[in-house]
Number of protein chains: 2
Amino acid sequence: MHKDMTYDEYRHEVKEGILTEAGNCPVTPLLLMLQGKWKFQILYELFIQDPIRFGELKKNINGITNTMLASSLRELEKDGLVSRMQFNEIPPRVEYSLTEKGQALLPVFYEMTKWGFQYIP
Amino acid sequence: MHKDMTYDEYRHEVKEGILTEAGNCPVTPLLLMLQGKWKFQILYELFIQDPIRFGELKKNINGITNTMLASSLRELEKDGLVSRMQFNEIPPRVEYSLTEKGQALLPVFYEMTKWGFQYIP
DNA sequence: CAGTATCCACCGGGATACTG
DNA sequence: CAGTATCCCGGTGGATACTG
C-alpha cells in the first residue's frame, strides 16, 4: 500500500481485506477530525474564501454560535487542517486559512459531491 | 453543475461559491447518512465482504453492541445504502449487502484513504 | 442466530451573558 | 471584533436482560 495507489489497486486491497489486516485503518483519524456538527461546513467555507475572518465565517454559516465556531476552529487547528493568523490591531482581526493538509481534502469533497449529485434527488 | 463534472470544474465552482449560492449543499445528506459512531465501519466491512451476516459484522467490528449494530443497519437500509435479505430458516439467517448507491461510495473511501496515507503518520 | 426492550450515563452542542 | 465563561438540555450510544 502506498499513497499513490490507483483506484483499482485500492479496490483490490479492500476486497482482499489487506487494509484491515494491517490493523490500522487510515480513514479513522480523518473521520475523527471531521466529527462534530460544523466541521465540514467550516472547511467548505474556507474552500470558498481563504483567508476568512471569524466574523465572516459566523455570518456565512447559518445558526452557528460563537462557542461552537471557536471550539471547532480550535480543534481543526489542533488537527493541522486550519491555521490561525492573529493581527494585533484594534479592533482585533483574526484570519483563518486552510493548511496544505486541509486543502488536500478537496478531492474528498469532490467525490462526495459527485455522489450526492448522482444519488440525492 | 452536473454529475459528470471534472475535478477542475468542481474546484472552479467551489471557488466561485456557485454550489452554495444554489442553496442546496449536495454533501449534507451524505453526511447525515454517515452520522453515528459505527456507520462508516459497517460500510467498510461490507466493502470487504458482501454479502455478510449480522453475526459476522458483529464479530468483525470491535466493541459494537447488538443494539447499535441493528439500529445502524436499519438506518443504512432506510437511506438506501444497504439491503437486507432475510432467509426463513432455523436458526435464522440474515444477510446484508451494499446497494448500488452504497457501492458508489467506494471512490469517497478511496480519496479519504489516499489522504490518510499522505497526511497521517 | 439475529435481533428487541429497557434503562441510564455522558457529553455534544445550544443559549445567554460577559470581556480584552 | 473575536472570542470566554457558565449553565443546561436532549439525544447518542453503552449495558444488560430477554425472545422468536
Side-chain angles (χ1 to χ4, degrees), chain A residues 25 28-46 48-79 81-98, chain B residues 25 28-46 48-79 81-98:
Chain A
C25 175
T28 308
L30 176 56
L31 293 176
L32 293 175
M33 291 178 191
L34 299 182
Q35 201 171 59
K37 186 172 178 179
W38 305 102
K39 297 280 185 67
F40 229 89
Q41 203 173 344
I42 292 171
L43 292 175
Y44 193 77
E45 294 298 328
L46 274 157
I48 297 173
Q49 184 179 343
D50 185 343
I52 191 170
R53 299 180 61 172
F54 186 91
E56 280 290 312
L57 273 174
K58 193 183 171 199
K59 206 176 54 177
N60 294 349
I61 301 177
N62 207 313
I64 198 169
T65 59
N66 283 346
T67 317
M68 288 312 298
L69 181 53
S71 72
S72 301
L73 282 169
R74 260 186 278 114
E75 289 183 27
L76 290 170
E77 195 190 357
K78 168 183 66 64
D79 289 330
L81 301 178
V82 162
S83 63
R84 181 178 183 277
M85 183 70 178
Q86 179 171 344
F87 301 84
N88 289 320
E89 307 172 355
I90 307 284
R93 179 161 63 104
V94 178
E95 288 186 351
Y96 291 91
S97 286
L98 290 171
Chain B
C25 175
T28 307
L30 175 55
L31 293 177
L32 293 175
M33 290 178 191
L34 299 182
Q35 203 171 58
K37 188 172 179 181
W38 304 102
K39 297 279 185 70
F40 229 89
Q41 203 173 344
I42 291 169
L43 292 175
Y44 193 76
E45 294 299 327
L46 273 158
I48 298 172
Q49 184 178 343
D50 186 342
I52 191 171
R53 300 180 62 170
F54 186 92
E56 280 289 311
L57 273 173
K58 192 180 172 201
K59 205 175 53 178
N60 293 350
I61 301 177
N62 206 312
I64 198 169
T65 58
N66 281 349
T67 317
M68 287 311 299
L69 180 54
S71 72
S72 300
L73 282 169
R74 261 187 277 115
E75 288 183 27
L76 290 170
E77 194 190 358
K78 169 184 66 67
D79 290 330
L81 301 178
V82 162
S83 64
R84 180 178 184 278
M85 184 70 177
Q86 178 172 345
F87 301 84
N88 289 320
E89 307 172 353
I90 306 283
R93 178 161 63 103
V94 177
E95 288 185 349
Y96 291 93
S97 287
L98 290 171

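Please read all numbers here as calculations on a predicted model, not as lab measurements. Each chain gets a letter, A, B and so on, in the order its sequence line appears, and its residues count up from 1.
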To the nearest Å, how far apart are [X] [atom1] and [N] [atom2]?
| X | N | atom1 | atom2 | answer |
| --- | --- | --- | --- | --- |
| B:I90 | C:dC1 | CD1 | P | 13 Å |
| B:Q86 | C:dT4 | CD | P | 10 Å |
| B:R74 | C:dA2 | CZ | C1' | 12 Å |
| A:L73 | D:dC1 | CG | P | 17 Å |
| A:E89 | D:dA2 | CD | C1' | 13 Å |
| B:R93 | C:dC1 | CZ | P | 13 Å |
| A:L69 | D:dC1 | CG | P | 14 Å |
| A:E56 | D:dC1 | CD | P | 11 Å |

Sidechain N-carboxylate O distance under 4.0 Å for B:R84, B:E95: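 Looking at B:E95 together with B:R84, the answer is no, because their closest N to O distance does not fall below 4.0 Å.
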B:K59/B:E56 salt bridge by N-O under 4.0 Å criterion: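 Salt bridge: yes.
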C:dT19 pairs with, by Watson-Crick or G-U criteria that keep both distances under 3.5 Å: D:dA2
Identified pairing partner of C:dG12, criterion: Watson-Crick or G-U wobble below 3.5 Å: D:dC9
Just to be sure I understand the rule, does [X] reach a base, reach only the sugar-phosphate, or reach nothing, if contact means heavy atoms closer than 4.0 Å?
| X | value |
| --- | --- |
| B:T67 | base |
| B:G63 | nothing |
| B:Y96 | sugar-phosphate |

Of the nucleotides [options], which one has an atom closest to the side chain of [X]?
| X | options | answer |
| --- | --- | --- |
| B:A70 | C:dG3, C:dA2, C:dG13 | C:dG3 |
| A:N66 | D:dG14, D:dT4, C:dG3 | D:dT4 |
| A:W38 | D:dA2, C:dG3, C:dG14 | C:dG14 |
| B:P92 | D:dA15, C:dG14, D:dG20 | D:dG20 |

Validation row: B:F54, B:N66 side chains within 4.5 angstrom (heavy atoms): yes
Check: A:L76 and A:L46 side chains under 4.5 Å, non-hydrogen atoms: no
With a 4.0 Å cutoff (strictly under), does any side-chain N or O of [X] reach OP1 or OP2 of [N]?
| X | N | value |
| --- | --- | --- |
| B:R84 | C:dG3 | yes |
| B:K37 | D:dG14 | yes |
| A:R53 | D:dG3 | no |

Donor-acceptor contact below 3.5 Å, side chain A:S71 vs main chain A:M68: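 Yes; judged by distance alone, with no hydrogens or angles, the pair exists.
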